[in-house]
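Sequence lines set the chain letters: A, B, ... in the order given, protein chains first and strands last, and positions in each chain run from 1.
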Amino acid sequence: MLEGLNSPQRQAVSHPGGPLLVIAGAGSGKTRVLTTRIAWLIRECGVAPESILAFTFTNKAAREMRQRVDQMVPEAQGRCWIGTFHSTGVRILRSEGHRLGYDRFFTIYDADDSRALLKKIVQDLELDTKQYSPRQLGSEISGHKNHFRSPEQVMATSITPRDQKVAEVYAEYGRRLRENGAMDFDDLIAKTVELFEDHREVQERYSQRFEHVLVDEFQDTNPLQLVMVRALSARHGNLCAVGDDDQSIYSWRGATVENMLGFEEYFPGSTLVRLEQNYRSTSLILEAANAVIAHNRRRKGKTLWSDRSGGAPIELWWAEDEHEEGRKIRDRIGRLLAETDARRRDIVVLYRTNAQSRAVEDALRRESIPYQIVGGTRFYERREVRDLLAYLKCVQNPADSVSFARILNVPKRGIGKTSASRFFELAQRMGTVSDALSDRGRLLSSCGKAAAGRLAAFGQLLQSLRRLAENADAAAVLRQVIEATKYENYLREDDPTTADDRLENVYELVNAAEEFSVESDEPGLGPFLESVALLAEVDKMSDETDQVTLMTVHNAKGLEFPYVFIAGCEEGLLPHASSLEDDDQLEEERRLFYVALTRAEEAVFLTASAMRRRFGSSEPAAASRFVGEIPEELVAEMGGLAFGSRFQAPRSLGERRWNSISTSAPAKRPRRSRDQGVSADALADAQAFLRSRARSKARARKEVADHGFEDHDLTQEELCYRVGARVEHELLGEGVIEEIEGVGDLLRLTVSFGERGRKRILARYARLRLLDTEAGAQ
DNA sequence: GTCATTGGGATTTTT
DNA sequence: TCCCAATGAC
Ligand SMILES: Nc1ncnc2c1ncn2[C@@H]1O[C@H](COP(=O)(O)OP(=O)(O)OP(=O)(O)O)[C@@H](O)[C@H]1O
């Protein structure tokens, strides 16, 4: 079993017991060690499979781990508990949640449901929805939960009046979730922890049961999850955690590397194992990744090497806009497929934001290159899908008022705002929604004749669906919902232009339910809703079909591909504009880039675009500083004809910016007009510009309008351009510069070519030659 | 109660 | 650019 493993890997796999932390860089076999250790424990140490609990980051990772363990130790046969924190929480709460007053199949609220509930609360508490947006509140409350802070604690430590209000909302939110018999995502872990605290005997039982607890991707666990891990491993103290602090990319979700760095403190007497050999990537890729991540200050350095010497240089492609970027990616993919033995499934296109997938998709589609997209507008977030799921949740859980409110008048059944709010008042007085629905008399007196009739009819619909659900499987209930509500007609009438798409989604949901009903040994509504709620995007990723994969860097965590494209290597995108002001956030962006690079086995292709469409208008972009942090000799700048080498290489621009940014802040200085020359510390303006862009789009626009780019950092070549200078163009011949806008890659010149007319061109692509340099130079 | 129009906000990342 | 929520006319 230890065959093929290196020495520290073996040490970790065969570690006898007690807390073990494996810290190691990307591709060093952490996951493999964890998997093998599970098999080792069963086979060599005689540990019963059901006494093993392993946490993975996604259900997909769990599935793969389970498969591999089963391969190595057939007798394990899926008897180990391997799953995400959330699915493990659900599993425990399903059998123990009654102690906290929850039904076996409590409803799981997704982010949308939570927001709907928060919105209601904000309205009921008469707070300003601008200042307390459900979205913002949701993430604040989630943060509190993930840091293991109760509403009372938040209240006690609140400073501003707003903090207090947030604490109030938090407390009320918890009460209403409970009233609705529902938990949000965070509760799946928080309530498990609560269960263990309030019922020590339950905690004792579970921690007795799990002789060994293992955690993958430990750097992205949050304090709440740490509490859960500690509770579960308390009895035997056999915890094996693996992680890489340089790959921590979920701090915005409450994750903290402190869990790893403070391991010895939380689990005294722990053993530390480091893995230093990478088996995934060429050494060129590793060298690049190591160089980039070395720029992070807040890290414990580590060694990572590969004996896969050499490797193809990292290609850097420039495009004028995201469409061209998409085409270049597609063309390069086409060449890979034609010229190497790469299959489509060997290729992934990674990006920072989901919105970037669009341009790549368009390009791939035009050449009919099959692709799958992971994430983005999620299937289960589509309105029609959510409507139908809300019906199912409502059928399953009569107390779920959020789902009820969603479907009360969908499809339209003549119960408008007024009737609805009258009804909810009545329901509040009577205790539950379903009681109110079946009380004809009170309905009549509260809501009037017409509405009362409609409400009662709706109540009967729900009742009949509930009766059906007692015996039928999820698919049957779903089909009945669609039929009874004439949902297909509703979609067709509601908006004929989108009806086809939406109907397709409806059928896909039916399909999913049917598949579930056939495959699952518990085909009922409750288990189906549970599986839907826990499904992550990568879980649905197909490994079978041969297609190119598109996804965010976050989703690519833990995966590997021979060929990796990283699109949008631009300031403001990667690093993202919202992370530029804060060092910690900036370092997380760098880790993100590191994660992206280290997914690759054979080759990396970076692309960036000079212009990027955002909110419908094109905005300029500059090279990502991270690209500049890769040693120059590892990068091959591509682009052919359009990219004049006489002009400043864009990646150097990124480098320059970064270098200057890390020096002390430049003093304010007088503005100068562009043809007077350049200021030495124009960088500050560039930064300020990016910052302001992050702050407010409108303000940023104004800033551009007010003083354009004239004060930004200029390159050597740009220095030489000035209005009135004479230049020569390869095709157009001689001309005179009339106007200069932009900076760096985006430097645009308006040049008058006499009879050939006036052209506005990007300097980088134009291949201009200055004719009278002394006139242009300072 | 329903439908159309308008205006404002959104894109950072997700279990 | 697109999507939603709020507003107002019928
Ligand atoms: N001793 C080994 N010999 C050969 N290949 C190995 C060895 N250990 C790991 N590998 C391979 O290296 C690759 C990376 O392994 P694995 O995914 O376990 O690394 P990881 O540390 O979890 O990576 P990441 O941190 O990027 O998630 C896998 O393809 C794995 O099969």
Side-chain angles (χ1 to χ4, degrees), chain A residues 55-62 83-90 108-112 114-116 119 123 129-130 133-136 138-139 142 145-146 183-190 217 220-222 224-225 248-255 350-358 374-378 380-383 409 411-420 448 450-451 454 493-495 498 533-539 551-557 568 572-580 585 588-589 591-592 595-596 612-619 693-694 696-698:
Chain A
F55 291 107
T56 59
F57 201 70
T58 62
N59 297 300
K60 178 173 183 282
T84 63
F85 279 95
H86 294 87
S87 61
T88 304
V90 168
I108 300 171
Y109 278 177
D110 60 26
D112 265 311
S114 298
R115 258 177 257 142
K119 189 176 169 194
Q123 282 165 357
T129 45
K130 291 269 145 42
S133 79
R135 202 188 189 80
Q136 176 68 25
S139 76
S142 172
K145 287 189 183 180
N146 285 322
M183 294 192 201
D184 68 10
F185 266 127
D186 304 314
D187 282 344
L188 301 180
I189 300 163
E217 306 282 10
D220 274 324
T221 54
N222 61 43
L224 180 66
Q225 290 166 331
S248 153
I249 54 175
Y250 280 92
S251 71
W252 47 274
R253 218 166 71 180
L350 301 179
Y351 35 78
R352 177 65 228 267
T353 66
N354 285 304
Q356 291 171 252
S357 71
R358 187 75 162 269
V374 177
T377 7
R378 295 180 185 75
Y380 287 103
E381 283 172 17
R382 300 252 155 75
R383 195 191 335 166
N409 201 29
K412 302 226 157 21
R413 48 174 70 86
I415 306 171
K417 265 202 296 258
T418 320
S419 306
R454 292 168 185 147
E493 283 158 22
D494 185 55
D495 184 353
T498 61
L534 292 175
L535 214 58
E537 278 308 314
V538 278
D539 298 341
M551 64 177 134
T552 61
V553 184
H554 281 95
N555 267 319
K557 187 178 154 86
L573 210 45
L574 185 60
H576 196 269
S578 54
S579 303
L580 293 178
Q585 285 186 41
E588 181 147 322
E589 297 286 313
R591 290 194 292 272
L592 210 45
V595 168
R612 195 162 288 275
R613 243 182 143 62
R614 246 176 103 84
F615 302 134
S617 72
S618 260
E619 292 191 37
R693 196 158 66 134
S696 141
K697 199 178 58 179

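- Ranking B/dT2, B/dT13, C/dT1 by closeness to the A/N354 side chain, first place goes to B/dT13.
- For the pair A/R591 (side chain) and A/S248 (backbone), a donor-acceptor distance under 3.5 Å is present.
- Between A/Y250 atom OH and B/dT15 atom P the separation is 6 Å, expressed in whole Å.
- One interatomic measurement links the two molecules: CG of A/L224 to C1' of B/dT15, which rounds to 12 Å at whole-angstrom precision.
- Atom P of nucleotide B/dT15 and atom CG of A/D110 are separated by 12 Å, given to the nearest angstrom.
- For A/R253 and A/R454, each mapped to the nucleotide of DNA chain B holding its nearest heavy atom, the one lying further toward the 5' end belongs to A/R454.
- The phosphate of B/dT15 (OP1 or OP2) has no side-chain N or O of A/S87 nearer than 4.0 angstrom.
- Between A/S419 and B/dG1 there is a side-chain N or O to OP1 or OP2 distance below 4.0 Å.
- Distance from the side chain of A/H576 is smallest for B/dT11 among the nucleotides B/dT11, B/dT2, B/dT14.
- Distance A/N409 CG to C/dA5 C1': 16 Å, rounded to the nearest Å.
- Contact annotation: A/N555 reaches the phosphate of B/dT14 (side-chain N/O to OP1 or OP2, under 4.0 Å).
- A/S114 places a side-chain N or O within 3.5 Å of a backbone atom of A/D110 that can act as its donor or acceptor partner.
- Taking the six-membered ring wherever Trp is involved, the centroid distance between the rings of A/Y250 and A/F57 falls below 6.0 Å.
- Residue-level contact check: A/D186 touches neither bases nor backbone, having no heavy atom under 4.0 Å from any strand.
- Here OG1 of A/T84 is found 5.0 Å from CG of A/N59. Values are rounded to the nearest 0.5 Å.
- Contact annotation: A/N222 side-chain N/O to B/dT15 OP1/OP2 distance is not under 4.0 Å.
- Remark: ring of A/F85 not stacked against base of B/dT15; the cut-offs of centroid gap under 5.5 Å and plane tilt under 30° are not jointly satisfied.
- Heavy atoms of A/R591 sit nowhere under 4.0 angstrom from any nucleic acid atom.
- In this structure, A/F185 counts as stacked on the base of B/dT15 under the 5.5 Å centre distance and 30° plane angle limits.
- Between A/Q356 atom CD and B/dA10 atom C1' the separation is 16 Å, expressed in whole Å.
- The phosphate of B/dG1 has OP1 or OP2 within less than 4.0 Å of a side-chain N or O from A/T418.
- Here the side chain of A/R383 is nearest to one of C/dC4, B/dT15, B/dT11, namely C/dC4.
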If you apply the rule side chain to side chain contact (heavy atoms under 4.5 Å, CB included), what do you find for A/L188 with A/I108, and how did you get there? CA-CA 8 Å; A/L188 301 180; A/I108 300 171; 4.2 Å; yes
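- Within the 3.5 Å criterion, the main-chain N or O of A/M551 finds no donor-acceptor partner in the side chain of A/N555.
- Between A/R115 atom CZ and B/dT14 atom P the separation is 13 Å, expressed in whole Å.
- Each of A/A420 and A/E588 has a nearest nucleotide on DNA chain B; the 5'-most of these lies closest to A/A420.
- What separates NE2 of A/H554 from C1' of B/dT13 is a distance of 4 Å, to the nearest Å.
- For the pair A/Y109 OH and B/dT15 C1', the computed distance is 19 Å after rounding to whole Å.
- Of the candidates B/dT11, B/dT15, B/dT14, the closest approach to any side-chain atom of A/R135 belongs to B/dT11.
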